[in-house]
Structure formats: C-alpha cells, structure tokens
Amino acid sequence: MRQNSEKIVIIGAGFGGLHVARRLAKSEHQVMVIDGHNYHLFQPLLDQVAVGDLESNAIASPLRPLLRAPNIRFHWGCVEKIDWNENKIHCTDGIEISWDKLILSFGTVTNFFGNKEIAENALHLKNIEAAEHVQSRIIAALEKASSSVSEEEQRRLLHFVIAGGGPTGVEFCGALLELLRIIIPRDYPELSHSTYQVTLVQGGDALLPGFDEKLQKKTYEKLQNLGADILLGKHADGFDGKTVRLGDVQIPAATLIWTAGVTAHPLIHQIPGKKMHNGRIPVDQHCRLIDHANVYAIGDLAYGENQDKVWPQVAPFAVQSAEHVAKHISSGKNSDHLSPFIYKDPGSMAVLKAFDGVCQIPRYHLQLTGLSAWLLWLFVHLYGIIGGRNRILALLDWGADYIRHNAAVTLIREDNNT
C-alpha cells in the first residue's frame, strides 16, 4: 500500500459492509471493518433457524477468512462515539480508529414503535440469539403443553401469534405451521392436532406489501389452507406474556413473534443532519451524506429514490449500493464522472411451505407460484449463503427437513417463561 493511501473505515459487516470491503480488497486503500460480531449473518434465513429447519452455523460465516487481504483489517467491537471533528471512531473497548472516508453500514434493529410491554415480552427474528430463542420457546411450549392437564392451558401455550405480514412474517408462519403439523402427531401424540393455533396479524389490508395483488391473494389462500388464522387491518398493541391485545380483542397466547418493522440502529443518533422515516439517512446520487462528502451510507440506512420509488431495505439493495460506493472510492479523482447510482430491482420472493412459494420479477414481468417459485427461492438463498461448508450444511438440513421431515434442531437451550 502507498504511504498516502486513504483509510477507509466500514461500520458494520452485513451484506453491504462486507461487500464493499471485499470489493476494495485489491485497492491501494487501507480498509478497517468494525463489527460487534465476528461473523457475517445471512439474515433472510433466520426464520428457518427459528423453526429448527436450519442450524444457526449454516447461515453464519466467520468474518476474518472473508476479509483475508493485505489491506484489510477487522476489529471486533462496538462503536461508542463518532468524532466528526477529528474523524475518529471511539470503540467501547477503548480503541480509537481514525478515518479518511467512512462507510456507515450498521443496519437496523427491531422496531417495537415505542411499546415497552411488547418489547419486553415479545420475541423477534433479527439475530441468531433471537431466532434460537424462538426455536427454544416453540419446543418448550410443546413440552409444557404435553404435561398440562388443562385443555385451556394447552391451547394458550400452543397459540402462536405473529405480528407482521411481510416476507419474514409470512415465511415464518408457513414454516411454523409445517413444523407443528408434523411434530405434534409424531413426537407429542398426547396432544390433539386441534390444540395448536397460529395467528398472523397484519396492519395493512394485504399480506406481502409490495407484491402484486394476485400473489398477495394466493399467499393469503395458501396460508389459510395450511391452517393459519389471518387477521388483516389489525395491530398488536399489547402483550403481557399471556394475552395478546388487538385493540378491544384479546387473544390468549403464550408467544408473540414480532416481525412488524425495523428502525435504525441507536448509533444513528450520532449521525448529523436530517433523518427520514425510521431513521434513514438522505444521501446523494453516490450514496454520500448530503453535508459530508467523505461519509457514505449503504444498505438499510441509505434513503434515496429512483423514478419516484424509494430504495427498499432489502439485501439486494445493500449489495448494489455497496458495489457503487466501492467503484466511487476506487475511481478517486474521476469519481465525479461516475454515473449516479440506480437501484435495479431483482424481484421479490417468499416461501410458504415445502415445495411452494411466490415470486415476482418486475423487470421481466414475471410471476411464479408453487414449485417453480420454491425452486428459485431455494437457489437464490443457497447461492447467497457465503462459504461452501455453510451451503453444504444448509443442503443437508433442508434435505432432512423436506425429505425425511426431521427438523435440524429441537433443543431447549434455556428456560422459557411460557
């Protein structure tokens, strides 16, 4: 590396942060990646971990092998403060890291919309620990229900409410119904098949917002056929661990899984300037902060529009914005001649159960349902998992689940107060 090479600091090693770092691996710049975990997580498959279809190590890839390059360094730690005057990062472990260019890629956290009761008692699917907690809660509920002599208590223990009808909520709903349909008669014969219930609550008037109306209706019908109780136009506004409240309606249930939204990481409060909805940062045509030309925001943090369409908070956008930022930094003095960033929507998909899903690819005016959508979903997600070992683990787990109907994990890792 040259003596006068720039120091590029990347906060967050999610889809965007990891991609931009690897794109700069052969550049003359010094690159530092900071993350509170020492692994990259393939978040779209957390719902599969939550129902035991995948082991967590199948979707987590150690970062140091992925960042193995002469000009890249990794720091395992959390950012405490960003000094905008001195261009320094202060970490909670006392380490100070200076930067010439800063890339913000620290993503989002679960948004409970200020509801403290739900935040304290509901589960979510935002990280490995949370997904494993959900999986433990499901199995613990089955164990406790199997030893209960009260049918009312059994029904409460085995009533799972999912708040949020986006892709995560829909996929988790379908996977949970499949798990319960198979595991109860096989492993818990003392329980009646009619004992369990899965309720999916969606604030809007349709599942899978952003999907074509035909696919939304198919998703609704298919989940209903699986046994889901779907409530549209409803919001979960309270949960004390025993009862989910939907306005005046009360649902006896021991478990609420919250997939209803995300908001910016608390670190966003240290970023100067205007913020948009959910804390997103307005950026220019090259993903730079409006008043800080040496600071970029990518992935879920970046707010911008193409053809009056707001950039989505999805993995493909994180990768595409990271690709553009890497090109912009590598262009050096010629960066002003680089074409503006334009997001190209690769499509959206959701798996509903084994061998069934929905998919739309707008640029080709293509819509798929059933086996073809499921196969495409499987290929895209398997390709997205980083590392040959992880892909093999995922294939083995899915094979055991889809062919032999054996969940990869049915362990209770901790005591659960269901």
Side-chain angles (χ1 to χ4, degrees), residues 6 8-21 23-24 33-35 43 79-89 99-114 126 166 209-210 260-332 334-346 348 362:
E6 290 185 311
I8 313 297
V9 174
I10 304 167
I11 303 178
F15 287 106
L18 178 61
H19 190 83
V20 71
R23 285 298 181 184
L24 294 172
V33 180
I34 306 172
D35 198 281
Q43 285 192 343
V79 174
E80 182 176 42
K81 179 183 177 182
I82 303 176
D83 188 331
W84 297 95
N85 295 321
E86 300 292 331
N87 284 13
K88 286 185 178 181
I89 302 291
W99 50 271
D100 295 312
K101 282 187 168 66
L102 179 64
I103 301 174
L104 305 174
S105 180
F106 45 81
T108 57
V109 295
T110 302
N111 189 0
F112 293 103
F113 302 98
K126 195 61 180 170
V262 295
T263 189
H265 188 281
L267 196 58
I268 195 70
H269 300 300
Q270 295 198 31
I271 312 302
K274 180 182 178 182
K275 309 294 189 305
M276 304 300 288
H277 179 62
N278 285 348
R280 301 182 74 180
I281 307 170
V283 295
D284 67 10
Q285 60 184 1
H286 296 303
C287 298
R288 296 176 298 187
L289 271 61
I290 303 302
D291 297 322
H292 293 80
N294 290 329
V295 181
Y296 301 82
I298 58 177
D300 291 346
L301 291 177
Y303 178 91
E305 299 179 8
N306 291 141
Q307 298 178 343
D308 297 325
K309 290 186 178 180
V310 176
W311 294 339
Q313 292 176 293
V314 294
F317 167 70
V319 171
Q320 290 182 34
S321 60
E323 181 77 23
H324 184 86
V325 167
K327 288 181 180 178
H328 192 264
I329 291 174
S330 298
S331 298
N334 298 319
S335 60
D336 290 338
H337 300 292
L338 193 67
S339 299
F341 171 70
I342 297 177
Y343 173 63
K344 298 178 181 178
D345 185 3
S348 306

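Because only heavy atoms are used, hydrogens play no part in the values below, and waters and symmetry mates are left out as well, while side chains stay in. Residue numbers start at 1 and run along the sequence shown.
- Looking at Arg280, its side chain never comes within 3.5 Å of a backbone N or O of Ala264 through a donor-acceptor pair.
- Remark: Ile8 CD1 to Ile329 CD1 distance equals 4.5 Å, nearest 0.5 Å.
- Interatomic distance, Ile10 CD1 to Leu102 CG, rounded to the nearest 0.5 Å: 9.5 Å.
- Considering CH2 of Trp84 and NE2 of His292, their distance stands at 5.5 Å, rounded to 0.5 Å.
- More than 12 heavy atoms of other shown residues, nucleotides or ligands fall within 6.0 angstrom of atom NZ in Lys275.
- Taking the side chain as every heavy atom from C-beta outward, Gln320 and Pro346 approach each other to under 4.5 Å.
- By the 4.5 Å heavy-atom criterion applied to side chains, Ile271 and Leu289 are counted as neighbours.
- Between the CD1 atom of Ile11 and the CD1 atom of Ile82 there is a distance of 4.0 Å, given to the nearest 0.5 Å.
- Under the 3.5 Å distance criterion, the side-chain polar atoms of Arg288 are left unmatched by any main-chain donor or acceptor of Val295.
- Considering every non-hydrogen atom in both Asp284 and Ile290, the closest pair reads N-CD1, 3.8 Å.
- Across all their heavy atoms, Gln313 and Asp300 have their closest contact at NE2-O, 3.1 Å.
- A distance of 8.0 Å separates CZ of Arg23 from NZ of Lys327, quoted to the nearest 0.5 Å.
- Residues meeting the ring pair (Phe, Tyr, Trp, His ring centres under 6.0 Å) test with Phe15, sequence neighbours left out: His40, Phe42.
- Residues Trp311 and Phe317 place their aromatic rings such that the two centres sit under 6.0 Å apart.
- One N or O on the side chain of Gln270 and one on the backbone of Glu80 form a donor-acceptor pair closer than 3.5 Å.
- Residues that satisfy the side-chain contact (heavy atoms from CB on, under 4.5 Å) test with His324, not counting sequence neighbours, are His286, Leu338, Phe341.
- The minimum heavy-atom distance between Val33 and Ala21, with the atom names listed, is CG2-CB, 3.7 Å.
- When all heavy atoms of Val20 and Ala322 are compared, the pair lying nearest together is CG2-O, 3.6 Å.
- Using a distance-only test at 3.5 Å, with no hydrogens or angles considered, a donor-acceptor pair links the side chain of Asn306 to the main chain of Tyr343.
- Within the 4.5 Å cutoff, the side chain of Thr263 has no heavy atoms near those of the Ile268 side chain.
- Side-chain contact between Gln307 and Ile342 is absent, with no heavy atoms from C-beta onward closer than 4.5 Å.
- Residues forming a side chain to side chain donor-acceptor pair (under 3.5 Å) with Asn278 (at least two apart in sequence, or on another chain): none.
- Remark: side-chain polar atoms of Ser105 are not paired, donor with acceptor, to backbone N or O of Ile298 under 3.5 angstrom.
- Interatomic distance, OH of Tyr296 versus CG of Leu104, reported as 11.5 Å (0.5 Å rounding).
- Looking only at distances, no side-chain donor or acceptor of Lys101 sits under 3.5 Å from a matching main-chain atom of Trp99.
- Taking every heavy atom of both residues into account, Ala13 and Asp35 meet most closely at N-OD2, 2.7 Å.
- Scanning all heavy atoms of the two residues, the minimum distance from Gly299 to Ser321 falls at N-OG, 3.2 Å.
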